[in-house]
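Single-structure report; data block below.
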Amino acid sequence: MANKTTSEKLATLQKGYTLEGATIELGAAIIDGELHKDAPVRLPLSMMNRHGLVAGATGTGKTVTLHMMAEQLSTAGVPVFLADIKGDLSGLATAATGSEKLTARTEGIGQAWQGRTFPVEFLALGGDGNGVPVRATVSSFGPILLSRIMELNDTQESSLQLVFYFADKNGLELIDLKDLRAVIQFLTSAEGKDQLEELGGLSKATAGVILRELVSLEAQGLEKFFGEPEFDTAELLRTAPDGRGVITCLELPTLQTKPMLFSTFLMWLLADLFEDLPEAGDLDKPKLVFFLDEAHLLFNDASKAFLEAITTTVRLIRSKGVGIFFVTQTPKDVPAEVLGQLANRVQHALRAFTPEDAKALKATVSTFPMSDYDLEETLTSAGIGEAVITVMNEKGAPTPVALTRLRAPESVMGPSDEALVRSTVAGSALLTKYGTAVDNHSAFEKLSGKAAAPTGPAAGGSVPRGAVQGGPVQGGPVQGGAGQDDVDAEARRIEEEILGRPSSRPAPSAETRRRTPAESAPAPRPGAGDSMAGDIGGMLGGALGGGLKSMARSIGTQLGRELLRGVFGTSSRRRRR
């Protein structure tokens, strides 16, 4: 290795980065201290769903790197998602202006630079910032992710999963935090004591702890992140009329006070995409590239269940055409199970000021393939806007390690004017869809017997299918003339047959009346947007007749919920309709 000449090293890199298909141009190689624009370093577009890591110390240019990559992905027609933590990435909507320094840099690496703008959509969690509000329902968010935000231990997390199970089973929609609070308060009340005992693994003391943590979240103002209308992650897959991919920037200006919420919400977006997207196999270009900034926040003090869910999502989502790039300071911030799945590496400079830094440097070097560089020296001496790179080539093999001077972005490296951001948000088609919060009939109203408060244009819409306006959770009046014992007996039979386990419903009394077939019209055919749960409910309703239609639909909905809860326990409401 030490005996190679500069020409031999140059030839190795030129051969290693000669690729046939479309590519993302990253920059030009630096060999023996000299920049070689005839040795371009690039990443195959078809390999962007093999995931990646952008790492480096603070101030070394990580944000500029993902900015530059996002521009080229958009130009190639690939939608991009960016977590804009510092507000710098809003500059994608504003064309950059040239300068002598910029011209010298771009000419040195062979970049034909020109300032341009890109199609950008601005989002903000719950409207906290300049962007279209993004919300999720509590039920969709799921118990594992919610436990992460509430910082519950493993036992408490398991107990919260039982609360979600109870709510699903009893048709109690968990839309916002007050719905979950109402369910827990019901379970810890004298009225709900029997149901609490039936759950087995949930004690009143643990339920009380969860309730206190939930109240704490509300006190911190986090309730505005949960509710409806729920954001449809398919919005992240859009292209502009000119064919360029839309770059979605999610802003959270108050990250410092809500770091756990921010990172966990990003994981919800990924989990929802994972559940919704069909298998795609190998594509010429990904459907979406997702940059997950401040990735260390995702893994700090994470539970085993949470880490397993992340690992599963990262491993499987690439086959659905989604690439994930983790952005953090050192590879040590990412668990080995996840790091081993990141084929594309862009490593900016590291600092070795402390023994811990030196240990992290050695660990980073050990993760790279053998190369013609002294990586310990290279990684501590690389300048701003330079990075050590190795990616997966079109044959699935790693490219040679290359110290690279990176391309310059063609839009502004910094925030756009606030007036431009506001006008972009005001003109967004998403604002009409998600701009106004609504409070539909859900668990809180069912358990308290109150009507939902009107909160916006959507408030006058129909109550979601299966909801019961007011009244008790179970045991409401049965229409169609069937006796209650008959209904209970048939409900047990159908539940056991569909779910493949003993029914949780109370056994019918010994004296049961023969059910008289109800003469009713066949169940209406579910609409095209309905889920498998609705289809099952409709079919069972048609077979059983009027008296048992609502019961059969309820069971069908329950089955759908059990089948459709995803890897994080997530369950998007639109998949349950």
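Start at 1 with the first residue, then count along the sequence.
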Task: Val120/Phe122 under side-chain contact (heavy atoms from CB on, under 4.5 Å): CA gap, chis, key distance, verdict - done: CA-CA 6 Å; Val120 183; Phe122 297 104; 3.6 Å; yes
- [ ] Go through the steps for Lys224 and Arg135 under the test side-chain contact (heavy atoms from CB on, under 4.5 Å), then give the verdict.
- [x] CA-CA 8 Å; Lys224 62 185 174 183; Arg135 306 176 187 87; over 6 Å; no
- [ ] Report the C-alpha distance between Ser411 and His67 in whole Å, list the side-chain angles of each, state the deciding distance to 0.1 Å, and finish with yes or no for side chain to side chain donor-acceptor pair (under 3.5 Å).
- [x] CA-CA 9 Å; Ser411 54; His67 186 138; 2.8 Å; yes
Task: Leu146 vs Leu180, side-chain contact (heavy atoms from CB on, under 4.5 Å): CA-CA, chis, key distance, verdict - done: CA-CA 11 Å; Leu146 192 60; Leu180 181 57; 3.4 Å; yes
TODO: Walk me through it: do Glu230 and Tyr434 pass the test side-chain contact (heavy atoms from CB on, under 4.5 Å)?
DONE: CA-CA 8 Å; Glu230 181 176 82; Tyr434 301 107; over 6 Å; no
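For the pair Arg181 and Glu218, the salt-bridge criterion is met [side-chain N within less than 4.0 Å of a carboxylate O]. Using a cutoff of 4.0 Å between basic side-chain nitrogens and carboxylate oxygens, Glu71 and Arg116 are not scored as salt-bridged. Using a cutoff of 4.0 Å between basic side-chain nitrogens and carboxylate oxygens, Arg407 and Glu25 are not scored as salt-bridged.
A donor-acceptor pair under 3.5 Å links the side-chain atoms of Lys446 to the main chain of Gly171, judged by distance alone. Between the Glu275 side chain and the Ala271 main chain, no donor and acceptor come within less than 3.5 Å of each other. Checking side-chain atoms of Ser423 against main-chain N and O of Ala419 turns up a donor-acceptor pair under 3.5 Å. At distances below 3.5 Å, not a single donor-acceptor pair connects side-chain atoms of Lys287 with backbone N or O atoms of Val322. Although no hydrogens or angles enter the test, the distance criterion places a donor-acceptor pair under 3.5 Å between the side chain of Asn170 and the main chain of Phe166. Looking only at distances, no side-chain donor or acceptor of Thr233 sits under 3.5 Å from a matching main-chain atom of Leu269. Put simply, the side chain of Arg238 gets close to the backbone of Glu235: a donor and an acceptor are under 3.5 Å apart. With hydrogens and angles disregarded, no donor-acceptor distance shorter than 3.5 Å links the side chain of Glu394 to the backbone of Ser46. Of the possible polar contacts, none joining the Thr264 side chain to the Ile149 backbone as a donor-acceptor pair under 3.5 Å is found. For Asp179 (side chain) and Phe444 (main-chain N/O), a donor-acceptor pair under 3.5 Å exists by modelled atom type.
Side-chain atoms of Glu121 and Ser428, non-hydrogen and from C-beta on, do get closer than 4.5 Å to each other. Taking 4.5 Å as the limit, every side-chain heavy atom of Asp128 sits out of range of all side-chain heavy atoms of Glu251. Put simply, the side chain of His348 reaches to within 4.5 Å of the side chain of Val54, judged on heavy atoms. At least one side-chain heavy atom of Leu339 sits less than 4.5 Å from a side-chain heavy atom of Leu53. You'll find the side chain of Leu288 stays beyond 4.5 Å of the side chain of Val80, heavy atoms only. Here the side chains of Thr103 and Trp113 are not in contact, with every heavy-atom distance at 4.5 Å or above. Residues Asp417 and Thr94 form no side-chain contact, since every pair of their non-hydrogen atoms from C-beta on lies 4.5 Å or further apart. Taking the side chain as every heavy atom from C-beta outward, Thr311 and Pro335 never approach each other to under 4.5 Å.
Separating the CG atom in Asp168 from the CZ atom in Phe164 is a distance of 8.0 Å, to the nearest 0.5 Å. How far CG of Asp232 is from CG of Leu237: 9.0 Å, rounded to the nearest 0.5 Å. Summarising the geometry, atom OG1 belonging to Thr137 is positioned 11.0 Å from atom CG belonging to Leu177; distances are rounded to the nearest 0.5 Å. Distance check: Glu228 CD to Thr436 OG1 gives 13.5 Å after rounding to the nearest 0.5 Å. Once rounded to the nearest 0.5 Å, the distance linking NZ of Lys285 with CD1 of Ile24 reads 10.5 Å. From Leu217, atom CG reaches atom CD of Glu151 across 9.0 Å, with rounding to the nearest 0.5 Å.
Considering every non-hydrogen atom in both Val346 and Ala387, the closest pair reads CG1-CB, 3.7 Å. Heavy atoms only, all atoms of each residue included: Cys249 and Leu89 are closest at SG-O, 4.0 Å. The shortest non-hydrogen separation linking Ala83 to Leu266 is CB-CD1, 3.8 Å. In plain terms, the two heavy atoms of Val425 and Gly131 that are nearest each other are CG2-CA, 3.8 Å. Taking every heavy atom of both residues into account, Ile384 and Arg105 meet most closely at O-NH1, 4.4 Å. When all heavy atoms of Ala443 and Val183 are compared, the closest pair comes out as CB-CG2, 3.9 Å.
Residue pairs meeting the salt bridge (charged side-chain N to carboxylate O under 4.0 Å, His left out) criterion with at least one member in residues 311-326: none, sequence neighbours excluded.
For Asp282, the salt bridge (Lys or Arg N to Asp or Glu O under 4.0 Å) partners at least two apart in sequence or on another chain are Arg50. In this structure Thr328 satisfies the side-chain hydrogen bond (donor to acceptor under 3.5 Å, both in side chains) test together with Asp333, sequence neighbours excluded.
Atom CG of Leu316 has more than 12 neighbouring heavy atoms from other residues, nucleotides or ligands inside a 6.0 Å radius. Atom CG of Asp242 has more than 12 heavy atoms from other residues, nucleotides or ligands within 6.0 Å. Within a 6.0 Å radius of CD in Glu279, other residues, nucleotides and ligands contribute more than 12 heavy atoms.
For the 3.5 Å distance criterion, the side chains of Ser442 and Glu445 qualify, holding a donor opposite an acceptor.
Between Phe226 and Phe141, the gap from one ring centroid to the other is short of 6.0 Å.
Put simply, the residue from Ile324, Leu66, Thr63 that forms a side chain to side chain contact (heavy atoms under 4.5 Å, CB included) with Phe291 is Leu66.
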